[in-house]
2 protein chains.
Amino acid sequence: MPQNSYLKHIAYDSVVFGFSGEKLKILLMKYHNTGFYALPGGFVGVSENLNDAVRRGLKERTGLDNIYLEQFYTFGNLERYKPEVMQTILEANGGLGNGLEWLLDRFISVAYFALINYKDVIPQPDALSDSCDWYDLDTLPTLILDHAEIVKKALETLRFNLDRKLVTTNLLPTYFTMKDLQNVYEAILGEKLHRGTFQRKMLGLGVLKRHEKQYTGAANKAPFLYSFED
Amino acid sequence: MPQNSYLKHIAYDSVVFGFSGEKLKILLMKYHNTGFYALPGGFVGVSENLNDAVRRGLKERTGLDNIYLEQFYTFGNLERYKPEVMQTILEANGGLGNGLEWLLDRFISVAYFALINYKDVIPQPDALSDSCDWYDLDTLPTLILDHAEIVKKALETLRFNLDRKLVTTNLLPTYFTMKDLQNVYEAILGEKLHRGTFQRKMLGLGVLKRHEKQYTGAANKAPFLYSFED
DNA sequence: TTAATATTGTCTCATATTGAGACAATATTA
DNA sequence: TAATATTGTCTCAATATGAGACAATATTAA
């Protein structure tokens, strides 16, 4: 794609949350030959909606359409302008002179978080990256630029909105148990919740549909499966 | 300022809320010879933090420093790219050829809302505008581009966060009565609140400091004045 | 000087919500 | 058939909320 196909100075970064069943994880890219870890991000086509650009990028990394996506902040501090970082990445990938000099400019980044069903995703690296993989939120590697701050703010926003909207079902498969749902809440909030109270509250929302029981073979009463009422 | 002093494609718009004592109002600019109304906005210097650019712009319009400011969304749809609007504005101000052609490009706009004490402000127009003045939120004129949508989202965000943070004191003078505070809440929420319950809740937060009574000359019990506990 | 009036600060009471534990129901294994 | 772990639901106390009631004023009218 020729360089003038993207808007200058504007980037996006996405914090893709997944839930393994125990822990919250996010997707990180590792760049070729640099040891640099970064959030999956990209640029906005000159004839493309900002939100569409982010969905396009997520589709490339995760293969998923119709992802739950929320824009939460735009980072525009000067401290995030470190051309030497991008220079290193480009040099590790065959150097400049490929019409990629525009990447060395200052960028303002619009940040989004996505909530997706961990098991549906096979992460895909891009041309500049060795890998795109899941990392535990509580043991992340060092990230480039201000990406650690972006992750922090994403989690804060998610927590802040948790009791306003039932978004956590996006982190689970279509059918899930009440315990699965509680595990997601506890992973996001970082604290234990009372089982009876949690169950009462979730059922009280009136948006969960109860299905048949899930017989796992465990030596105990089988839990109901639920789905999100659409 | 030469054109290359600003980052291309990036703008900001600000929804400045003030409270007249009865109604919520916002600041609007009216452009010379066009009848166009718009939110106060601006651009980001190449060596300037995004947040600082917004504070600089607000300082020019309101004369105020240390304003309560919150970034709430970044608007990047293609539909907001209407170069003919900016062209009309520029032609009404002496035409192009002044090195202002970059204003005809596509812009992504980072939107902020500010909460300020209405009485502290003497609105100041800029070079392109006839006026910068307060308008009732419920009887706004037609705004350019997507500015009506920006206002709508600003109000939604303000409402959504209203019971999480005590931000409304930013809309009042240093000393205010409980009724003043309740009026602000009612104006933002668009509904009446029960007096006793409201008072109990606000005092229960433990962040209001009670001062002497306010004797206004009205034929009734004088209310206490409060300030925000810092 | 006293009564009338509007508004305030606070209280009470009914209702709703929340936090924490208790208990029966069950799906499996010993 | 008993033991065990976990689930669904209930109960009860503690808290919070919604709505009205009432005494305490600051002023005006009589």
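Chain letters run A, B, ... following the sequence lines, proteins first, then strands; residues in each count from 1. Below, all heavy atoms of this structure are taken into account, side chains as well, without hydrogens, waters or symmetry copies.
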Practice item. For this output row, return yes or no: ring centroids of B:His211 and B:Phe224 closer than 6.0 angstrom. Key: no

What nucleotide among [options] has an atom nearest to a side-chain atom of [X]?
| X | options | result |
| --- | --- | --- |
| B:Phe224 | C:dG9, C:dG21, D:dA19 | C:dG9 |
| A:Arg195 | C:dT28, C:dA20, D:dT7 | D:dT7 |
| B:Thr197 | C:dG9, D:dT9, D:dG18 | D:dG18 |
| A:Arg200 | C:dA27, D:dT9, D:dT11 | D:dT11 |
| B:Lys221 | D:dG8, D:dT17, C:dT8 | C:dT8 |
| A:Ala219 | C:dT18, C:dT28, D:dG8 | C:dT28 |
| A:Met178 | C:dT8, D:dG8, D:dT27 | D:dG8 |
| B:Ala222 | C:dA6, D:dG8, D:dA26 | D:dA26 |

Point to revise | Heavy-atom donor-acceptor pair, B:Asn170 side chain to B:Leu115 backbone, under 3.5 Å | key: no

Whole-Å gap separating [atom2] ([N]) and [atom1] ([X]):
| X | N | atom1 | atom2 | value |
| --- | --- | --- | --- | --- |
| A:Met202 | D:dT9 | CE | C1' | 17 Å |
| A:Leu203 | D:dC10 | CG | C1' | 14 Å |
| B:Asp180 | C:dT7 | CG | P | 14 Å |
| A:Gln199 | D:dT6 | CD | P | 15 Å |
| B:Asn183 | C:dT7 | CG | P | 12 Å |
| B:Gln214 | D:dA26 | CD | C1' | 13 Å |
| B:Leu193 | D:dG20 | CG | C1' | 16 Å |
| A:Phe176 | D:dT7 | CZ | P | 15 Å |

Check your understanding: Is the phosphate of D:dT6, meaning OP1 or OP2, less than 4.0 Å from a side-chain N or O of A:Lys179?
Key -> no

Exercise for review: Would you indicate, yes or no, if C:dT17 has its OP1 or OP2 atom less than 4.0 angstrom from a side-chain nitrogen or oxygen of A:Lys201?
Suggested key: no

**Study point:** Difference in axis direction between the ends of the helix from C:dT1-D:dA30 to C:dA30-D:dT1, five pairs, 10°
**Key:** 20°

May I ask you to check whether [X] and [Y] show a side-chain donor-acceptor distance below 3.5 Å?
| X | Y | value |
| --- | --- | --- |
| A:Asn51 | A:Tyr112 | yes |
| A:Glu79 | A:Tyr81 | no |
| A:Thr74 | B:Thr74 | yes |

Check your understanding: Looking for any heavy atom pair under 4.0 Å, which part of the strands does A:Gly217 touch: base, sugar-phosphate only, or nothing?
Key -> sugar-phosphate

Exercise for review: Answer yes or no: is there an ion pair linking A:Lys165 with A:Glu70, defined by an N-O contact shorter than 4.0 Å?
Suggested key: yes

**Study point:** Residue whose nearest DNA chain C nucleotide is more 5′ - A:Tyr215 or A:Gly196
**Key:** A:Gly196

Study note, to complete from the structure: Checking B:Lys192, B:Lys23, B:Arg159 against B:Glu186 for salt bridge (Lys or Arg N to Asp or Glu O under 4.0 Å), the one that qualifies is B:Lys192

Exercise for review: Hey, can you tell me if B:Phe43 and B:Phe107 have their rings parallel, tilted or perpendicular (30° and 60° cut-offs)?
Suggested key: tilted

